A.B. asks: 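If you scroll down you'll find the structure; I have some questions about it.
We name chains A, B, ... by the order of the sequence lines, and we start the count at 1 in each one. This structure is a prediction, so every number in the text was calculated from the model and none was measured.
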Number of protein chains: 2
Amino acid sequence: MSAKNSDEISLDKLIEPSLLLLVQKKPSHGYELIQNFNCLNPEEEVEPGTIYRHLRKMEKKGFLESSWKTSESGPARRLYNITGEGMKALDNAVVKIEQQKQELEHFLAVYREQDKQGGNLDEA
Amino acid sequence: MSAKNSDEISLDKLIEPSLLLLVQKKPSHGYELIQNFNCLNPEEEVEPGTIYRHLRKMEKKGFLESSWKTSESGPARRLYNITGEGMKALDNAVVKIEQQKQELEHFLAVYREQDKQGGNLDEA
DNA sequence: CTATCTAGGTGCATGTTGCACATAGGTAAA
DNA sequence: TTTACCTATGTGCAACATGCACCTAGATAG
């Protein structure tokens with residue numbers, strides 16, 4: 001997360017936590033997760049390729065398990081399930097997210113404090 | 001920000017916004033900013049090399065200006081000042097940070113909602 | 001037969017990071 | 001003097017992540 005574009009200060013996107021959360025709610029395949037992710041985080045556009053790669057990565061790490069399912073209509077799907085390790089990872093991620101939320105709040109507090117003092121005089 | 005370590009779900013570190021904020025407060029050189037950054041964000045350890053590279057990058061983008069200062073003691077320092085563009089960038093970053101804070105809160109809300117329902121039964 | 005949607009992926013160029021190392025001025029101790 | 005350490009700024013390289021474009025392939029609609 002971070003600044004990928006040329007003149008952008010990038011903050012993170014909750015890709016892996018969101019995927020774990022969605023799969024925990026309901027076992028799903030990648031294509032479905034892409035759509036639900038874009039519904040859950042409408043602000044952040046994420047490439048399909050990125051999602052698929054994260055899913056494979058999390059499977060390698062043991063957070064997800066997958067199996068191929070053929071349905072009546074359409075091509076086969078790789079169905080993901082969350083593992084015990086994955087649930088632990090999600091809980092750990094939640095702790096980090098709470099922590100990061102506090103860091104953001106701390107930053108904003110410092111910013112506003114500083115703004116109050118040396119701040120922009122246009123509003124005077 | 002993102003997952004750099006092998007089994008870590010990385011959220012961002014407010015490197016560039018923090019540097020802009022610190023330089024806005026007081027024109028500084030890199031080494032000083034590294035220490036103040038680690039004081040401002042004690043949770044996040046950041047490599048000196050990373051800080052220096054962000055400073056040069058932000059200078060290229062026009063958010064900072066630098067000039068060499070020799071002092072009575074020690075080697076020369078590159079002193080950074082924030083520009084008008086840099087202040088705009090900081091304000092934009094603040095908007096994004098507020099937005100991201102809301103995304104984190106939204107994620108946490110969904111997580112807790114889901115936990116309440118299908119959640120872990122250990123606590124029952 | 002062609003276009004389109006679903007579904008899952010890969011190749012390559014680019015950008016970012018961690019780690020180690022290089023350079024260099026100054027200071028204090030052995 | 002030589003050694004060691006602190007200040008101060010950076011680079012080289014390997015590893016990793018992403019955006020963009022592209023590929024495969026089943027099914028379905030025209």
A.B. asks: Tell me whether B/Leu108 shares a hydrophobic cluster with A/Leu104, the cluster being built from Ile, Leu, Val, Met, Phe, Trp, Tyr side chains joined at under 4.5 Å.
C.D. replies: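 Yes.
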
A.B. asks: For the pair made of CD in B/Gln35 and P in D/dT7, what is the distance, rounded to whole Å?
C.D. replies: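 Going from CD in B/Gln35 over to P in D/dT7 covers 7 Å.
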
A.B. asks: Check the distance between D/dT7's P and B/Leu79's CG and give it to me in whole angstrom.
C.D. replies: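 Computing the B/Leu79:CG to D/dT7:P distance gives 18 Å.
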
A.B. asks: From the set D/dG12, D/dG19, D/dA8, return the single nucleotide nearest to any side-chain atom of B/Arg53.
C.D. replies: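 The listed nucleotide nearest to B/Arg53's side chain is D/dG12.
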
A.B. asks: Whole angstroms only, please: what is the NZ-C1' distance between A/Lys57 and C/dG9?
C.D. replies: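 It is 17 Å, rounded to the nearest whole Å.
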
A.B. asks: Mind checking side-chain contact (heavy atoms from CB on, under 4.5 Å) for B/Arg56 and listing every partner two or more places apart, or none if nothing turns up?
C.D. replies: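 Listed in chain order: B/Glu59, B/Arg78, B/Tyr80.
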
A.B. asks: Consider the side chain of B/Trp68, meaning its heavy atoms from C-beta on, and name the nucleotide among D/dG10, D/dC20, C/dG9 that approaches it most closely.
C.D. replies: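 Selected nucleotide: D/dG10.
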
A.B. asks: What is the distance, rounded to the nearest whole Å, between atom CD of B/Glu47 and atom P of D/dA8?
C.D. replies: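 Taking CD of B/Glu47 and P of D/dA8, I get 19 Å after rounding.
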
A.B. asks: Would you please name every residue forming a salt bridge (charged side-chain N to carboxylate O under 4.0 Å, His left out) with A/Lys69, sequence neighbours left out?
C.D. replies: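 Once residues adjacent in sequence are excluded, A/Lys69 has no partner under the salt bridge (charged side-chain N to carboxylate O under 4.0 Å, His left out) criterion.
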
A.B. asks: Take the protein atom OH of B/Tyr52 and the nucleotide atom C1' of C/dC19, then report the distance between them rounded to whole Å.
C.D. replies: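 Interatomic distance, OH of B/Tyr52 to C1' of C/dC19: 16 Å.
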
A.B. asks: Indicate every side-chain donor-acceptor pair of residues 24-31 of chain A with a distance under 3.5 Å to a residue at least two apart or in another chain.
C.D. replies:
residue	atom	partner	partner atom	Å
A/Gln24	OE1	B/Gln114	NE2	3.3
A/Lys26	NZ	A/Glu32	OE2	2.8
A/Ser28	OG	A/Lys26	O	2.6

A.B. asks: Identify, with sequence neighbours excluded, every residue that meets side-chain hydrogen bond (donor to acceptor under 3.5 Å, both in side chains) alongside B/Glu98.
C.D. replies: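 side-chain hydrogen bond (donor to acceptor under 3.5 Å, both in side chains) list for B/Glu98, sorted by chain: A/Arg112.
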
A.B. asks: Whole angstroms only, please: what is the CD1-C1' distance between A/Ile15 and D/dG19?
C.D. replies: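 Going from A/Ile15 (CD1) to D/dG19 (C1'), I get 12 Å.
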
A.B. asks: For the side chain of A/Arg77, starting at C-beta, report the closest nucleotide among D/dA17, D/dA8, C/dA7.
C.D. replies: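 Minimum distance to the A/Arg77 side chain belongs to C/dA7.
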
A.B. asks: Choose from D/dT9, C/dT16, D/dG19 the nucleotide whose nearest atom is closest to any side-chain atom of A/Lys13.
C.D. replies: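 The answer is D/dG19, which lies nearest to the side chain.
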
A.B. asks: Take the protein atom CD1 of B/Ile51 and the nucleotide atom C1' of D/dT9, then report the distance between them rounded to whole Å.
C.D. replies: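 Roughly 13 Å, once rounded to whole Å.
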
A.B. asks: What pairs of nitrogen or oxygen atoms, one from the protein and one from nucleotides 26-30 of chain D, lie under 3.5 Å apart?
C.D. replies:
none

A.B. asks: Is there side-chain contact between B/Lys13 and B/Ile15, with heavy atoms separated by less than 4.5 Å?
C.D. replies: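 B/Lys13 reaches B/Ile15 side chain to side chain.
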
A.B. asks: Out of D/dA8, C/dG8, D/dC13, which nucleotide sits closest to the side chain of A/Arg78?
C.D. replies: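 Looking only at side-chain atoms, A/Arg78 lies closest to C/dG8.
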
A.B. asks: Of all the choices, C/dG9, C/dG18, D/dC20, which nucleotide is nearest to the side chain of B/Thr50 once you look at every atom?
C.D. replies: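 Nearest to the side chain of B/Thr50 among the choices is C/dG18.
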
A.B. asks: Would you please name every residue forming a side-chain contact (heavy atoms from CB on, under 4.5 Å) with A/Glu65, sequence neighbours left out?
C.D. replies: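 Checked A/Glu65 against side-chain contact (heavy atoms from CB on, under 4.5 Å); matches are A/Thr83.
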
A.B. asks: Which whole-number value in Å describes the distance from A/Tyr31 OH to C/dG9 C1'?
C.D. replies: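 These atoms are roughly 14 Å apart.
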
A.B. asks: Picking from C/dG8, D/dG19, D/dT9, which would you name as closest to the side chain of B/His29?
C.D. replies: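 For B/His29, the side-chain atoms sit closest to D/dT9.
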
